[in-house]
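So you know, we letter chains A, B, ... as the sequences are listed, proteins then strands, and number each from 1.
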There are 2 protein chains.
Amino acid sequence: MATRAEYSTRPRERIGAILRGERRFFTAADVHRVLQSQDVHVSLSTVYRTLEHLCEKNEATVRIEQSGEAAYMHCEPVHHHHHAICRKCGRVEDVDCTAIGQFAESLRAQQGFVLDGHSMEFFGTCASCG
Amino acid sequence: MATRAEYSTRPRERIGAILRGERRFFTAADVHRVLQSQDVHVSLSTVYRTLEHLCEKNEATVRIEQSGEAAYMHCEPVHHHHHAICRKCGRVEDVDCTAIGQFAESLRAQQGFVLDGHSMEFFGTCASCG
DNA sequence: ATCAGTGCAAACCATTTGCAAATTA
DNA sequence: TAATTTGCAAATGGTTTGCACTGAT
């Protein structure tokens with residue numbers, strides 16, 4: 001099976017650097033705005049394609065905001081975890097959920113519901129904003 | 001403060017009945033499709049406006065799907081809880097989370113993050129689909 | 001020389017809105 | 001009749017796509 005070649009380009013380097021720069025979620029428009037402020041001209045389409053590309057390479061995660069907009073964050077391929085998002089600065093901290101196993105058990109015992117997936121997000125104020 | 005009057009109309013009755021009929025999430029298009037299958041002509045705009053209206057009256061909740069589409073479910077104004085969504089039939093069961101208090105405590109102790117909100121969703125197979 | 005990546009403009013799609021006509025109270 | 005609700009069509013806004021061109025290997 002042919003694995004397609006990967007070109008290293010300016011837009012990709014720039015966008016990757018932006019995501020790696022801050023541990024928070026960026027919408028495509030956010031990224032585009034940052035690029036413009038750096039006088040780097042990259043089309044919005046390319047921003048979308050690059051963000052999607054990063055997700056496929058497991059270098060970013062998506063989150064759908066309440067508005068329906070997609071927001072991307074740089075993300076190392078670590079173990080299963082969740083995010084605590086600071087309402088003030090937007091910074092994201094990882095939270096693990098080792099307790100889910102027990103929870104799944106009681107859910108099945110009590111409601112007969114067999115858990116096979118979950119998504120959780122936490123909001124509040126991070127240590128440096130508190 | 002003037003509370004505006006509320007008219008009871010055919011579209012509203014029909015849409016309310018559809019939501020109350022099944023404990024699952026419906027997109028506006030879903031509702032519109034059901035209406036059509038019942039030979040009830042209601043415009044998509046009215047469907048959107050009515051769903052929004054139900055949310056304002058706290059008779060429905062919204063959920064943003066992965067695609068970014070909004071989906072609505074009939075929902076009684078109960079205490080804070082979460083949803084367990086069956087991947088097979090889409091039926092939704094309520095799950096409460098009394099353990100969040102302790103969790104918040106440990107999150108603050110360990111990471112200095114002060115929790116003031118969270119969202120969780122669970123996926124799996126419900127008892128009748130199992 | 002190839003093939004991947006980009007820009008641009010147009011296409012898409014869910015959702016919203018303006019406004020005149022229809023309905024409810 | 002006065003106020004609300006609806007339908008329709010047009011506008012929005014985020015995201016995707018077709019295609020010719022640019023750039024990387």
Side-chain angles (χ1 to χ4, degrees), chain A residues 1-20 24-73 90, chain B residues 1-19 24-57 59-73 90:
Chain A
M1 60 312 178
T3 305
R4 44 159 45 182
E6 286 234 351
Y7 291 2
S8 165
T9 65
R10 196 145 185 327
R12 288 191 176 175
E13 284 164 15
R14 285 345 225 92
I15 294 173
I18 291 170
L19 282 215
R20 265 177 272 111
R24 68 174 180 92
F25 284 94
F26 292 82
T27 62
D30 286 338
V31 171
H32 194 239
R33 212 170 294 123
V34 174
L35 288 168
Q36 287 189 314
S37 76
Q38 299 177 343
D39 280 304
V40 179
H41 289 300
V42 175
S43 73
L44 196 48
S45 329
T46 294
V47 173
Y48 275 109
R49 284 188 277 229
T50 303
L51 291 172
E52 171 59 24
H53 182 244
L54 288 173
C55 286
E56 283 168 359
K57 291 203 300 174
N58 283 308
E59 289 180 16
T61 8
V62 215
R63 163 182 140 71
I64 306 295
E65 307 194 330
Q66 274 311 99
S67 63
E69 278 179 87
Y72 303 78
M73 179 175 74
Chain B
M1 59 315 177
T3 306
R4 45 156 45 184
E6 285 234 352
Y7 289 4
S8 165
T9 66
R10 197 158 159 52
R12 287 191 176 173
E13 284 164 14
R14 284 347 223 90
I15 294 172
I18 290 170
L19 282 216
R24 69 174 181 90
F25 284 94
F26 292 81
T27 62
D30 286 338
V31 171
H32 194 238
R33 213 171 292 123
V34 174
L35 287 168
Q36 287 188 315
S37 76
Q38 299 178 341
D39 280 305
V40 179
H41 181 70
V42 174
S43 74
L44 197 48
S45 328
T46 295
V47 173
Y48 276 109
R49 284 188 277 227
T50 303
L51 291 172
E52 172 60 23
H53 181 244
L54 289 172
C55 286
E56 283 168 358
K57 291 203 300 176
E59 289 180 16
T61 6
V62 215
R63 161 183 142 72
I64 306 297
E65 307 193 330
Q66 274 311 102
S67 63
E69 278 180 86
Y72 303 79
M73 179 174 73

Original post:
Please give, in whole Å, the distance from D:dT16 P to A:Glu56 CD?
Top reply: 11 Å
Original post:
So, for B:Leu19 and B:Phe26, which heavy atoms are closest and what is the spacing to 0.1 Å?
Top reply: CD2-CD1, 3.5 Å
Subject >> B:Gln66 CD: over 12 foreign heavy atoms closer than 6.0 Å >> reply: no
Original post:
What distance do B:Asp30 atom CG and B:Leu35 atom CG have between them, rounded to the nearest 0.5 Å?
Top reply: 11.0 Å
Original post:
Mind checking whether A:Val34 and A:Val40 have side chains closer than 4.5 Å, heavy atoms only?
Top reply: no
Subject >> Closest heavy-atom pair and its distance - B:Glu13, B:Ser8 >> reply: OE2-OG, 3.0 Å
Original post:
If you look at every strand shown and take non-hydrogen atoms under 4.0 Å, does B:Ala29 touch a base, only sugar-phosphate, or nothing?
Top reply: nothing
**OP:** Using whole Å, report how far CZ of A:Arg4 lies from C1' of D:dT25.
**Re:** 15 Å
Subject >> Atom pair OH (B:Tyr48) and NE2 (B:His32), whose distance is rounded to the nearest 0.5 Å >> reply: 10.0 Å
**OP:** Just call it for B:Ser45: base, sugar-phosphate, or nothing, with non-hydrogen atoms closer than 4.0 Å on any strand.
**Re:** base
**OP:** Quick one: label A:Thr27 by what it contacts on the DNA or RNA (base, sugar-phosphate, nothing), any heavy atom closer than 4.0 Å.
**Re:** nothing
Original post:
Which string of ( ) [ ] | and . matches DNA chain D, if you list each base 5' to 3' and count Watson-Crick or G-U pairs only when both distances are under 3.5 Å?
Top reply: ||||||||||.|||.||||||||||
**OP:** Determine the minimum heavy-atom distance between A:Ile64 and B:Glu65, stating which atoms define it.
**Re:** CG2-O, 4.1 Å
Original post:
Taking the nucleotide of DNA chain C with the closest heavy atom to each, which residue, B:Arg10 or A:Ser43, is nearer the 5' end?
Top reply: A:Ser43
Subject >> Rounded distance in Å - NZ (B:Lys57) to C1' (D:dT4) >> reply: 14 Å
Original post:
Please give, in whole Å, the distance from D:dG13 C1' to B:Tyr48 OH?
Top reply: 13 Å
Subject >> Candidate list B:Thr46, B:Thr50, B:Leu54, B:Val42, test side chain to side chain contact (heavy atoms under 4.5 Å, CB included), partner B:Arg12, passing option >> reply: B:Thr50
Original post:
OP1 or OP2 of D:dT16 sitting under 4.0 Å from any side-chain N/O of A:Arg49?
Top reply: no
**OP:** Walking along DNA chain C from 5' to 3', note the first and the last nucleotide with an atom under 4.0 Å from a heavy atom of chain A, and give both.
**Re:** C:dC3 to C:dA9
**OP:** Kindly give the heavy-atom pair with the smallest separation between A:Phe25 and A:Val62, and that separation in Å.
**Re:** CE2-C, 4.4 Å
Subject >> Rounded distance (Å) that lies between atom P of D:dA10 and atom CG of B:Leu44 >> reply: 16 Å
Original post:
How far, in whole Å, is C:dA11 from C:dG7 if one measures between their C1' atoms?
Top reply: 16 Å
